[in-house]
2 protein chains.
Amino acid sequence: MAYTAAMDVTDLNLIHPDAGSDAPRLATLLADRIGERIAMGDYLPGSKLDELELAEQFGVSRTPVREALIQLGTAGVVTLRPRRGAVVTEVSPQRLMEMFDVMAELESMCARLAARRSSAEEREALRAQHDACVEAVESNDPDDYYLRNERFHHAIYHLSHNDFLEEQALALSRRLRPYRRLQLRVRARVTSSFAEHLDVVEAICTGAEDLAAERIRAHVTVQGARFADLLASLARAGQGPAALG
Amino acid sequence: MAYTAAMDVTDLNLIHPDAGSDAPRLATLLADRIGERIAMGDYLPGSKLDELELAEQFGVSRTPVREALIQLGTAGVVTLRPRRGAVVTEVSPQRLMEMFDVMAELESMCARLAARRSSAEEREALRAQHDACVEAVESNDPDDYYLRNERFHHAIYHLSHNDFLEEQALALSRRLRPYRRLQLRVRARVTSSFAEHLDVVEAICTGAEDLAAERIRAHVTVQGARFADLLASLARAGQGPAALG
DNA sequence: TCCGCCATTCTTGTATACAAGAATTGCCTG
DNA sequence: CAGGCAATTCTTGTATACAAGAATGGCGGA
């Protein structure tokens, strides 16, 4: 799964066990679309995904829908309850923090390797990615900033020059996507995020691997006041406590 | 997926998207068994997994076999080539090293958290797990040692008290299982592995988190002479270069 | 003899059928 | 009126059927 600067953001949601995706199975296409709906909040955590209903919506039989749900289930996006159907996985605040901690560790590793391995051209490209965020910051558009921010983070994964690490980081990033977006809705978070990015860029570009690793870890980890912020965002987004499980 | 000391080793290969596994689907059981065969080297990397053949072997229809292969595919154990069948995922030496690097990072995080968070009883239990390996070392039985070694590593994941991290580490451990086994076949590796384990236990039990993290990282990472050893093991196990892809 | 093309066979992908377990509703009882 | 039991309905899990694409083998030509 090679990264390119022109890569469309919609690519980032893909669930692909397939090798060559020229003629993918219906199940894979469906997994992408259902996963997209979940990421966009169309299906809230805990809500049931009815096979027949989805089959009718997409105009296919139950078989590929089932296979799609199994893919999403193995990826952790939905939870398969044997003989009781699939539901969107509910993520407790506790678990969310755990996931962010692991994300921080992976990104930290990426940043360290990026500082150690990236070429001068790659570092310039990274700086360009960062600069591209400035517009979104000035217009204070969290959604636009989220997209550019995402590309920036993914660029760092890529600069690790460890393809497997990049894949793992992308996969986790995908699962955390809805929540990372929420985080940016907190007042002034966009501005502080942007400032933190700059520090990361500086560390990577000067080859300061320890610094780069620590800075991005601090940037990603949900700690202190940011935990309370996240809780508040979750409560608002879920329209009630049920969504938290 | 709660860990218990009495947990049977056969549990360690499970591919479980299911919530409660009291009445699992056939597909999940099949995924476990097929995954076990792959881990044990019954199916070599690159070899094809025929749906009908597997169905007949297990006395079921193609449907649950297909679903099992999809689960294994999403987990990365097999590669699904659309309309061309499933094959055991081929891992190049390059990629294998990348995977071990990520495994080292995750285990390092586990060990650090274990040193920080584990209780006195838990530390005692970990030491007991380590002591249990001594028999296998003395009899120099790599396969037996592998099993106890695996339990030891998984115990550390559990002591991290980060369930998500534990799951991720277990999943990657599963993918690396066949190769970790191979590594132990190298002369004297069992002995050195055991010695390294002891150092890790000491660090965790004294709460030396940095030391614990570094020691287990060094233990897991494939570096220096061990890379050549691994290459040699791969070549022998694969009965030729084709198995490496 | 070797390469390439076509027909055949086989395998996978999707749809449908059927069975078994879960959820629901209504009724009966306390 | 509430709680629990039972029959019904619905959903999932597995098996089978069918169609379309891939692999294979044989034939013909260079």
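Remember, predicted model here, so these are calculated numbers, not experimental data.
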Taking N or O atoms only and anything under 3.5 Å, show me the protein contacts with nucleotides 20-24 of chain D, one pair per line.
{"residue": "D/dA23", "atom": "OP1", "partner": "B/Arg84", "partner atom": "NE", "Å": "2.5"}
{"residue": "D/dA23", "atom": "OP1", "partner": "B/Arg84", "partner atom": "NH2", "Å": "3.2"}

OP1 or OP2 of C/dT12 less than 4.0 angstrom from a side-chain nitrogen or oxygen of B/Arg66, does that happen here?
no
For the side chain of A/Lys48, counting heavy atoms from C-beta on, which of D/dT16, D/dT11, C/dT12 is nearest?
D/dT11
Which one, D/dT12, D/dG13, D/dA15, comes nearest to the side chain of B/Arg25?
D/dG13
Exactly one candidate in B/Leu30, B/Leu29, B/Asp32 meets side chain to side chain contact (heavy atoms under 4.5 Å, CB included) with B/Pro24; the answer is B/Leu29
Excluding sequence neighbours, so at least two apart, what forms salt bridge (charged side-chain N to carboxylate O under 4.0 Å, His left out) with [X]?
{"X": "A/Arg95", "result": "B/Glu167"}
{"X": "A/Glu67", "result": "A/Arg25, B/Arg66"}
{"X": "B/Asp144", "result": "B/Arg148"}
{"X": "B/Arg217", "result": "B/Glu105, B/Glu214"}

Measure all distances between protein nitrogen or oxygen atoms and nitrogen or oxygen atoms of nucleotides 17-19 of chain D, and list the pairs falling under 3.5 Å.
none

Non-neighbouring partners of [X] that pass side-chain contact (heavy atoms from CB on, under 4.5 Å), sequence neighbours left out:
{"X": "B/Ser118", "answer": "B/Glu122, B/Arg123, B/Leu159, B/Ile204"}
{"X": "A/Val220", "answer": "A/Phe100, A/Met103, A/Ala104, A/Glu107, A/His153, A/Arg180, A/Ile216"}
{"X": "A/Arg185", "answer": "A/Asp143, A/Arg181"}
{"X": "B/Ala171", "answer": "B/Arg174"}

Who pairs with B/Tyr157 by ring pair (Phe, Tyr, Trp, His ring centres under 6.0 Å), at least two apart in sequence or on another chain?
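B/His154.
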Could you list by number each residue of residues 50-60 of chain B showing a heavy-atom separation from DNA chain D of less than 4.0 Å, or answer none if no residue does?
B/Val60
